[in-house]
Amino acid sequence: MTSPNGPAPAPAPDDSPLPARPRLIATDLDGTLLHDDKYVSDRTIAALAAAEQAGIEVFFVTGRPARWMDVVSEHVHGHGMAICANGAAVVDLHAGGKLLQVRPLERDTALAVVQALRDAAPGTTFAVELTTGIHYEPTYPPFHQDPGATVATAEKLLQAQAQAQDAEDESAAPVVKLLAHHPDLTPDGFLTVARTAVGDRATITRSSPSALLEVSGPGVSKASTLALCCAQRGISSDEVVAFGDMPNDLEMLTWAGTSYAMANAHPDVLAAASGRTVTNNEDGVAIVIEQLVARRRADGR
């Protein structure tokens, strides 16, 4: 799916770093690769294809679940793999989003996080993201993209799944993320409260402009799963170029040898990345990829 191309944006800033020989590009989707209309521009599609043709692998690394990857599934080349749910799942987009690896949030841990956040931030509501779909509490913001969801308290959802974990039942599917929403706290304020309350029992981050937190298993992040995928390919962090815009990208951007924050990025991301490009709506990722490919061709490599 594509959206019409607008005027060609300005090039990336001259002081943005370019690695000597990148082997892999890791890019977030929403707010980074995708325009705000959630489409991939023609320019970006061409840049992704050019990178693969030049021998640079591309990984989509996103907080989205596998079932929301249709927007880019036609534009992954070669390996066909993507990292979803903030590192909790590796999927094969060539095989319709088939799960290749799951790094779950254990149900007992999820229940402990629910209780800790109810105590620390009264009014918090929850959704439980499984490998098979999402389920949520009655007062959680409506999820129109998942009309088949079960509606119940987080405790009931998680306990039911725990009781059914040895049964042939959808409720036994692994938990990949716990979502926590607060109607009044600021997004960063809620994140601080949650991390203090939960500690190292789980990984907590956010990617939404609202006070919506994403909870994964301890040590599970975009960066840690990307590192595993790179290790399987013999690719070092120095050979990776990463792009992102929100706090859930921070670990990935600091792990990669070269990283770019979008001009529309969260202040913490702008501070952490080694370089900066223009906004997602100006095809900031494509601009950098074009420069990488052009230099590789000029070097004859």
Side-chain angles (χ1 to χ4, degrees), residues 12 16-30 32-34 40-41 43-64 66 69-101 103 221-245 248-249 251-260 262 273-275 277 280 283-301:
S16 294
L18 288 173
R21 186 170 173 81
R23 294 180 59 193
L24 187 142
I25 291 167
T27 179
D28 173 51
L29 296 182
D30 296 284
T32 300
L33 188 79
L34 304 181
V40 188
S41 74
R43 182 175 189 173
T44 297
I45 291 171
L48 294 173
E52 292 282 359
Q53 290 167 3
I56 306 172
E57 291 191 70
V58 177
F59 262 76
F60 299 132
V61 188
T62 178
R64 287 183 173 221
M69 296 295 286
D70 288 353
V71 68
V72 293
S73 60
E74 297 178 3
H75 310 307
V76 64
H77 305 272
H79 55 79
M81 293 168 60
I83 296 171
C84 297
N86 288 331
V90 180
V91 303
D92 184 349
L93 296 182
H94 289 336
K98 177 184 177 182
L99 286 169
L100 301 177
Q101 180 182 7
R103 303 178 68 194
S221 68
K222 290 184 175 185
S224 61
T225 301
L226 178 61
L228 291 172
C229 291
C230 287
Q232 292 168 357
R233 287 161 167 72
I235 296 175
S236 70
S237 61
D238 289 344
E239 297 171 304
V240 176
V241 182
F243 299 86
D245 73 306
N248 66 330
D249 297 314
E251 293 90 348
M252 179 174 73
L253 295 175
T254 55
W255 176 81
T258 305
S259 59
Y260 289 86
M262 313 307 292
S274 57
T277 185
N280 61 314
D283 293 325
V285 174
I287 290 171
V288 177
I289 293 176
E290 289 165 356
Q291 293 176 345
L292 293 173
V293 171
R295 191 168 77 173
R296 174 164 289 197
R297 288 172 176 164
D299 291 344
R301 294 185 292 181

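Given the structure is predicted, the values throughout are model-derived calculations rather than measurements. Computed from heavy atoms alone, side chains included, the values below leave out hydrogens, waters and symmetry copies.
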Taking all non-hydrogen atoms of both residues into account, name the closest pair between Ala47 and Glu290 and its distance.
CB-CG, 4.4 Å
List in chain and number order the residues that pass side chain to side chain contact (heavy atoms under 4.5 Å, CB included) with Ala50, two or more places apart in sequence or in another chain; answer none if no residue qualifies.
Val293, Arg297
So, Thr32 side chain and Leu29 main chain: donor-acceptor pair closer than 3.5 Å or not?
no
Please report the closest heavy-atom contact between Val91 and Cys84, naming both atoms and the distance.
CG2-SG, 3.8 Å
Any side-chain heavy atom of Val72 sitting closer than 4.5 Å to one from Val40?
yes
How would you list all residue pairs meeting salt bridge (charged side-chain N to carboxylate O under 4.0 Å, His left out) that involve residues 51-60, not counting sequence neighbours?
Glu57-Arg233
Any idea which heavy atoms bring Leu253 and Gly244 closest together, and the distance?
CD2-N, 3.8 Å
Please report the closest heavy-atom contact between His75 and Val71, naming both atoms and the distance.
CD2-O, 3.7 Å
Distance col, row Asn86:CG vs Arg64:CZ, nearest 0.5 angstrom, shows 12.5 Å
Run the side chain to side chain contact (heavy atoms under 4.5 Å, CB included) test against Ala46 and tell me which residues pass, sequence neighbours left out.
none
Among pairs that include at least one residue of residues 221-231, which meet side-chain hydrogen bond (donor to acceptor under 3.5 Å, both in side chains), considering only residues two or more places apart or in two chains?
Asp28-Lys222, Arg103-Ser224, Arg103-Thr225, Ser221-Ser224, Lys222-Asp249
Calculate, to the nearest 0.5 Å, the distance between atoms CD1 and CZ belonging to Ile56 and Arg21 respectively.
8.5 Å
Side chains of Val90 and Cys229: does their closest heavy-atom pair fall under 4.5 Å?
yes
Set of ring pair (Phe, Tyr, Trp, His ring centres under 6.0 Å) partners for His79, sequence neighbours left out
Phe59
Would you sort out whether Met81 and Val76 count as a side-chain contact (heavy atoms from CB on, under 4.5 Å), showing the intermediate values?
CA-CA 8 Å; Met81 293 168 60; Val76 64; over 6 Å; no
Hey, could you give me the CG/CZ distance between Leu48 and Phe60, rounded to the nearest 0.5 Å?
5.0 Å
State, with a plain yes or no, whether a side-chain heavy atom of Val58 is found less than 4.5 Å away from one of Ile289.
no
dist Asp245:CG -> Leu33:CG (nearest 0.5 Å) comes out at 11.0 Å
Can you check whether Ser259's main-chain N or O pairs, donor with acceptor, with Ser274's side chain at less than 3.5 Å?
yes
How close do Pro22 and Leu292 get, counting heavy atoms only, and between which atoms?
CG-CD2, 4.1 Å
Note: Val240 and Ser236 closest approach over all heavy atoms is CG2-O, 3.5 Å
Which value, rounded to the nearest 0.5 Å, describes the distance between Leu99 atom CG and Asp92 atom CG?
10.5 Å
Could you tell me if the side chain of Met262 sits less than 4.5 Å from the side chain of Thr277, heavy atoms only?
yes
To the nearest 0.5 Å, tell me how far Asp283 CG sits from Arg43 CZ.
6.0 Å
Decide side-chain contact (heavy atoms from CB on, under 4.5 Å) for Ile45 and Glu74; before the verdict, give the C-alpha distance in whole Å, the side-chain angles of both, and the deciding distance to 0.1 Å.
CA-CA 9 Å; Ile45 291 171; Glu74 297 178 3; over 6 Å; no
What pairs with Glu239 under salt bridge (charged side-chain N to carboxylate O under 4.0 Å, His left out), at least two apart in sequence or on another chain?
Arg23
